[in-house]
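Each chain gets a letter, A, B and so on, in the order its sequence line appears, and its residues count up from 1.
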Number of protein chains: 2
Amino acid sequence: MRDVALHAGVSPKTVSNVMNGYPYIREATRLKVLASIEALGYQLNLSARNLKSGRTGIIGLAVPRLNLPYFAELADAVIGAAEEHGLTVMIEQTGAVRERELGALSRPRGHLVDGLLFSPLGLGPDDADYLRISTPMVLLGERIFHGPADHVMIDNVNGTRAATQHLLQLGRRRIAVIGTHPGEVVGTAAIRYGAHLSALAEAGVKPVHKLAVEAGPWHRSNGADAMEKLLASGAKFDAVLGLNDTLALGAIRVLTKHGFRIPDDVAVAGFDDIDEASFSTPTLTTVDPGRAQIATAAVELLVERMNGDDSDHRELVIPFELHRRESTIGSNS
Amino acid sequence: MRDVALHAGVSPKTVSNVMNGYPYIREATRLKVLASIEALGYQLNLSARNLKSGRTGIIGLAVPRLNLPYFAELADAVIGAAEEHGLTVMIEQTGAVRERELGALSRPRGHLVDGLLFSPLGLGPDDADYLRISTPMVLLGERIFHGPADHVMIDNVNGTRAATQHLLQLGRRRIAVIGTHPGEVVGTAAIRYGAHLSALAEAGVKPVHKLAVEAGPWHRSNGADAMEKLLASGAKFDAVLGLNDTLALGAIRVLTKHGFRIPDDVAVAGFDDIDEASFSTPTLTTVDPGRAQIATAAVELLVERMNGDDSDHRELVIPFELHRRESTIGSNS
DNA sequence: TTGAAAGCGCTAACAT
DNA sequence: ATGTTAGCGCTTTCAA
């Protein structure tokens, strides 16, 4: 920068002013400086600026894994939303492991991120205190904690209830659930399963507990394994609720392999509305949690916090939408 | 850091030494300093370190979009590989747009990344000069350029040839191709299509040009649209080669909708071996480009460059593998 | 094995 | 509208 200043015959501060779009510069000076910058191939050193300003223009995004389509599509949306605000995104994969999630919180990249978007999956309610960090943060996804942080939430409860009600309306009464996490009380699995049970109860349908099948990480393979196990158990069912889309798709795979017709023999619904759900065979009935809105709302909220807003913590619930597709209502052709 | 030094009764430099694992410190001093760090909740300011050392511990990853499963899974692998080297990944989405790709090159985040992994899709051979940048860089994916940069390549040619040969071995002779980019000479689409043609020629099969269908971005939806167009044209075919998996899956969707049986009426193959290919209905025959190996090799190469290795540019071709699945060979049940 | 001094490149605050 | 001064928090000499 000094070199540029010399080359242009101005002070370093003027160069800095030009770089930052400071308005009160004579146009002639500005052009002169710009020319020198060009001539010398000068590039601003962000580390230096950050050191001085305490800001990096980077926000962190902590998600389980990018090989989970929901989170990949969420990351895509977040990166896009951040760009609108001139921010870059650093992604940290936590693997939904508690220790790694705590790591992402405790050491927000050594002052290298101005804010953090955090999708907690491994944390429990006892960990709420860890969320009191000095870096601005917005939680994404589940209503796990009431408390010390902003939260942009999926409407898990009403979304899942809508899916279950849809299956009930189709006359299905024996609904298998894929992807429960027994023992978990907070967390997506517990919330969605609870909402499912409440919808059943409301309709006066008794739940069949052996139709609820556990699945660890919500990959397709685990959905497939869970369905194999369910079939092996000999239990009868006329519908399947995958607690997310990949589980449902894995289950569909196995059902098809075993000769079940979908939706005639078994109707299947999921949750997330990942891109694939519109193109799978059959297309998948699922709950769209409003990914794009989640991303823009979360980034907006975070930016406000980064700008010093220290008003009370807010919880935002994004409206969901149920997409009825072939896996429950068949093809219309 | 000064505060920590005061608290521990040592000089800032000693604290720095402790932070950096400098070996020649008395254990007692080390523990004292560690205690003070803990007591004061001290966190190293990376911006400051970077300013001094010129290193950030961050590498950039420039890919088209994370909503393309291949790139999401690649990013996942890269983040994992980078972690092994203590590096963090900043993802830049270029949208496969030339201008944005040039942007990622010209302004590698203002010295904020120590190196760059770059998946060029929008650049042409005329842009080779732009690849001569001072930041260490490794190109990922396609053999677009011979030249000024390290390159970890998918074996597009042999992979595609294997897929085509597989279709030919099944007795298919009228193979539709989904996803061509007419006018493109370098780039994935052109390379794979060219390889397909060469495999046909070698087998003495005459290509049917109207069976090659264009598709812009390689999304499922574009694969579906392309297949609709192909069917509307009335052309007859007994196989489909999707130039990537999502195109193939989109095409399968449409074929199924129109009542074609796969693979009996039409065999379908793709390229990428995304996770979904193992779980779709039918499962998808596809070419596995060795994503994990690509990621680890690329990060390794990049780390060497970042450590000052300035030997000649290297080109690494990762071996592929053809996975034969239901979409071409049917179910074995 | 530890400390002192200097400076990385930038910008905030204050001149002018 | 532009320049001066000082210092962000760390590490790299070099000395002790």
Side-chain angles (χ1 to χ4, degrees), chain A residues 1-37 40-58 86 107-114 134-135 306-308, chain B residues 1-37 40-58 86 107-114 134-135 306-308:
Chain A
M1 182 178 270
R2 221 193 30 230
D3 297 343
V4 173
L6 284 176
H7 184 107
V10 298
S11 83
K13 174 64 196 171
T14 302
V15 179
S16 169
N17 282 338
V18 170
M19 295 296 294
N20 291 289
Y22 185 68
Y24 303 114
I25 324 177
R26 217 178 324 135
E27 190 58 16
T29 325
R30 224 176 61 80
L31 292 175
K32 209 167 45 178
V33 171
L34 252 26
S36 299
I37 287 174
L40 302 184
Y42 168 72
Q43 273 192 230
L44 186 68
N45 182 322
L46 286 183
S47 284
R49 168 187 281 178
N50 303 340
L51 177 56
K52 187 67 195 179
S53 66
R55 284 213 165 196
T56 61
I58 304 175
R107 168 199 36 73
R109 294 274 146 228
H111 301 192
L112 222 54
V113 301
D114 295 338
S134 53
T135 310
M306 293 177 354
N307 288 336
Chain B
M1 181 177 268
R2 220 192 33 229
D3 296 343
V4 173
L6 285 176
H7 185 106
V10 298
S11 82
K13 172 60 194 166
T14 303
V15 178
S16 170
N17 282 338
V18 170
M19 295 296 295
N20 291 290
Y22 185 69
Y24 303 114
I25 324 177
R26 217 178 324 137
E27 190 58 18
T29 323
R30 224 178 61 80
L31 292 176
K32 207 166 49 178
V33 170
L34 252 26
S36 299
I37 287 175
L40 301 183
Y42 167 71
Q43 274 192 228
L44 185 69
N45 182 322
L46 286 184
S47 285
R49 168 186 283 180
N50 303 341
L51 177 55
K52 192 65 197 176
S53 67
R55 284 212 165 196
T56 61
I58 304 175
R107 168 200 37 73
R109 294 272 147 230
H111 300 190
L112 222 54
V113 300
D114 295 337
S134 53
T135 311
M306 292 176 354
N307 288 335

Calculate the interatomic distance between [X] atom [atom1] and [N] atom [atom2]; express it in whole Å.
X: B:L44; N: D:dC8; atom1: CG; atom2: P; result: 16 Å
X: A:R49; N: C:dC8; atom1: CZ; atom2: P; result: 19 Å
X: A:K32; N: D:dA1; atom1: NZ; atom2: C1'; result: 12 Å
X: A:M19; N: C:dC10; atom1: CE; atom2: P; result: 8 Å

May I ask you to say what [X] touches in the nucleic acid, namely base, sugar-phosphate or nothing, with a heavy-atom cut-off under 4.0 Å?
X: A:S53; result: nothing
X: A:N50; result: nothing
X: B:Y22; result: base

Among [options], the nucleotide that comes nearest once only the side chain of [X] is considered:
X: B:K13; options: C:dA6, C:dG3, D:dT2; result: C:dG3
X: A:R26; options: D:dC8, D:dT2, D:dC10; result: D:dT2
X: A:I25; options: D:dG3, C:dA12, D:dT2; result: D:dT2
X: A:L51; options: C:dC10, D:dT11, D:dC8; result: D:dC8
X: A:Y24; options: D:dA1, C:dT11, C:dG7; result: D:dA1

Run B:R49 and B:N20 through side chain to side chain contact (heavy atoms under 4.5 Å, CB included) and show every step you take. CA-CA 11 Å; B:R49 168 186 283 180; B:N20 291 290; 3.0 Å; yes
Ignoring backbone atoms, test whether B:S16 places a side-chain nitrogen or oxygen under 4.0 Å from the OP1 or OP2 oxygen of D:dT11. yes
Can you tell me if the side-chain N/O atoms of B:S47 get under 4.0 Å from OP1 or OP2 in D:dC8? no
What are the two closest non-hydrogen atoms of A:V33 and A:A8, and how far apart are they? CA-CB, 4.2 Å
By nearest nucleotide on DNA chain C, pick out whichever of B:G9 and B:A48 is the more 5' one. B:G9
